Amino acid sequence: MPRKIKKLICSQKIENEEGSIKNKPEDSLNYFDDDVKREPYDEHEVKAKLDLLRFKYQKKPTVKIEFESVEIPKEAKSLWEPPQWRLFLENLRTMRFKNHAPVDSIDSKGCRFTTDAPPQVVRYEILIFLMLSSQTKDHVNFSAMEKLKERGLNVENILTISDEELGKLIYPVAFWKRKVKYIKKTTQTLKDQYNSDIPDSVEKLCKLTGVGPKMAHICMKLAWNKVTGIGVDTHVHRISNRIGWVKKATATPEKTRKALESWLPFDLWVRSII
């Protein structure tokens, strides 16, 4: 049969079927089985079932975490801590108690400050003592402090003496020529900016010439009786890495200080710097 005739027959059939459907009443149009009984249409019931507002997203109330607004204690700042560090510390104290060190024959703090002097003079003595102590043995530092106090260790006297005389007083502390310049410049700053007293914060102390973070934290404890951090020098930095008291190897004393403070209990910070 030719293709044209097939197309005509198919199109005619389609037209006949569409015409027969159109001529049927609506009630007779049933696309389900004849045995299924159709229930009456209830518009209100259908609307109730299709009420999509019931499924509208509603934001849940915020649940407050119990420890959200509670300040975390310093002891709980870090989950990491060195294994058996308390036992190690106890053994270290026992070993230190049985062995004599040069500083033991001088004083428990390495130097006796002038107790009957005005508070700002005592604080100045503490600052100078710490500036001289950098890379200097305790007995050498003690001797230099004694000579300075005999000459008159206060802001006014230090500014009046010459660099040569100051150098003779502090010799042979390490880098004594450089420390003469540091002491003179810092003392002038204290007179001009702090009314011959020392700053009362680590940030301000570190801005003074010749003063670093270790000195600043120790000075805050000795001069102002405030614990602001652990005094970490090159020796504490090296030993802390060697015994594994830092989670990861640190490159500088300041990074070691932050690593130690992240897990070491706060009550041991003071013992660590005095």
Side-chain angles (χ1 to χ4, degrees), residues 103 106-233 253-254 257 261 266 269-274:
V103 69
I106 301 173
D107 187 20
S108 60
K109 296 182 180 178
C111 181
R112 296 183 184 275
F113 303 111
T114 308
T115 56
D116 57 346
Q120 64 181 32
V121 174
V122 177
R123 289 192 285 267
Y124 179 71
E125 290 181 0
I126 294 172
L127 179 61
I128 297 301
F129 162 73
L130 292 171
M131 293 178 69
L132 294 176
S133 67
S134 176
Q135 301 186 35
T136 302
K137 294 183 177 180
D138 295 315
H139 65 279
V140 176
N141 193 20
F142 175 80
S143 176
M145 285 295 296
E146 289 298 306
K147 290 186 288 185
L148 285 172
K149 287 189 290 185
E150 289 178 3
R151 177 63 174 81
L153 186 53
N154 54 65
V155 173
E156 290 74 16
N157 288 343
I158 294 299
L159 290 177
T160 57
I161 65 177
S162 63
D163 292 359
E164 183 181 0
E165 183 181 0
L166 181 58
K168 291 179 180 180
L169 291 171
I170 68 173
Y171 180 84
V173 299
F175 309 106
W176 62 272
K177 291 183 179 179
R178 186 185 303 173
K179 289 179 180 178
V180 167
K181 298 179 180 178
Y182 289 169
I183 292 173
K184 277 298 191 71
K185 188 173 181 179
T186 294
T187 303
Q188 188 64 53
T189 302
L190 297 179
K191 182 180 180 181
D192 296 340
Q193 300 182 17
Y194 299 98
N195 195 24
S196 297
D197 204 346
I198 70 172
D200 59 354
S201 69
V202 173
E203 182 182 2
K204 294 178 181 178
L205 283 169
C206 287
K207 291 181 180 179
L208 299 176
T209 305
V211 179
K214 171 211 166 184
M215 298 181 195
H217 288 296
I218 298 177
C219 188
M220 287 298 297
K221 170 55 185 173
L222 297 179
W224 298 105
N225 196 28
K226 296 179 181 179
V227 180
T228 56
I230 303 174
V232 178
D233 58 7
E254 184 63 9
R257 178 187 68 82
E261 291 176 358
F266 182 74
W269 291 15
V270 179
R271 299 182 188 180
S272 303
I273 66 176
I274 296 180

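These values consider heavy atoms only, across backbone and side chains, with no hydrogens, waters or symmetry-generated copies. Bear in mind that the values here come from a model prediction, so they are computed numbers and not experimental data.
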Tell me which one of I183, N157, N154, I170 satisfies side-chain contact (heavy atoms from CB on, under 4.5 Å) with L148.
I170
Per-pair distances, 0.1 Å, donor-acceptor, side chain in residues 127-137, under 3.5 Å, sequence neighbours excluded:
residue: S133; atom: OG; partner: L130; partner atom: O; Å: 2.7
residue: T136; atom: OG1; partner: L132; partner atom: O; Å: 3.0
residue: T136; atom: OG1; partner: S134; partner atom: O; Å: 3.1
residue: T136; atom: OG1; partner: A174; partner atom: N; Å: 3.2
residue: T136; atom: OG1; partner: K179; partner atom: NZ; Å: 3.3

Listed by chain and number, what are the side-chain hydrogen bond (donor to acceptor under 3.5 Å, both in side chains) partners of [X], not counting sequence neighbours?
X: D233; answer: none
X: S143; answer: none
X: E165; answer: R151

Going by side-chain contact (heavy atoms from CB on, under 4.5 Å), name the residues that satisfy it together with K185, two or more places apart in sequence or in a different chain.
T209
If the condition is side-chain contact (heavy atoms from CB on, under 4.5 Å), which residues does V122 pass it with, not counting sequence neighbours?
F113, A117, I126
Tell me the side chain to side chain donor-acceptor pair (under 3.5 Å) pairs involving residues 116-127, sequence neighbours left out?
T114-E125, R123-D197, Y124-T187
Here the ring-ring contact (aromatic ring centres under 6.0 Å, His included) pairs for residues 172-198, sequence neighbours left out, are Y171-W176
In Å and rounded to the nearest 0.5 Å, what is the [atom1] to [atom2] distance from [X] to [Y]?
X: S201; Y: M220; atom1: OG; atom2: CE; value: 6.5 Å
X: L159; Y: L190; atom1: CG; atom2: CG; value: 9.0 Å
X: L166; Y: T160; atom1: CG; atom2: OG1; value: 10.5 Å
X: K214; Y: C219; atom1: NZ; atom2: SG; value: 12.0 Å

Evaluate the side chain to side chain contact (heavy atoms under 4.5 Å, CB included) criterion for residues T228 and H217: first the C-alpha distance (whole Å), next the side-chain angles of each, then the deciding distance (0.1 Å), finally the verdict.
CA-CA 6 Å; T228 56; H217 288 296; 2.9 Å; yes
N-O pairing of K149 and E146 below 4.0 Å:
yes
For [X], check salt bridge (charged side-chain N to carboxylate O under 4.0 Å, His left out) against everything at least two apart and list the hits.
X: E164; value: K168
X: E156; value: none
X: D163; value: K184
X: R178; value: none

Starting from the C-alpha separation in whole Å, work towards a yes-or-no answer on side chain to side chain contact (heavy atoms under 4.5 Å, CB included) for V270 and K221.
CA-CA 8 Å; V270 179; K221 170 55 185 173; 3.8 Å; yes
Where do G152 and I158 come nearest, in terms of heavy atoms and distance?
O-CD1, 4.4 Å
Closest approach of V202 to A216 (non-hydrogen atoms, all atoms of both residues)
CG1-CB, 3.8 Å
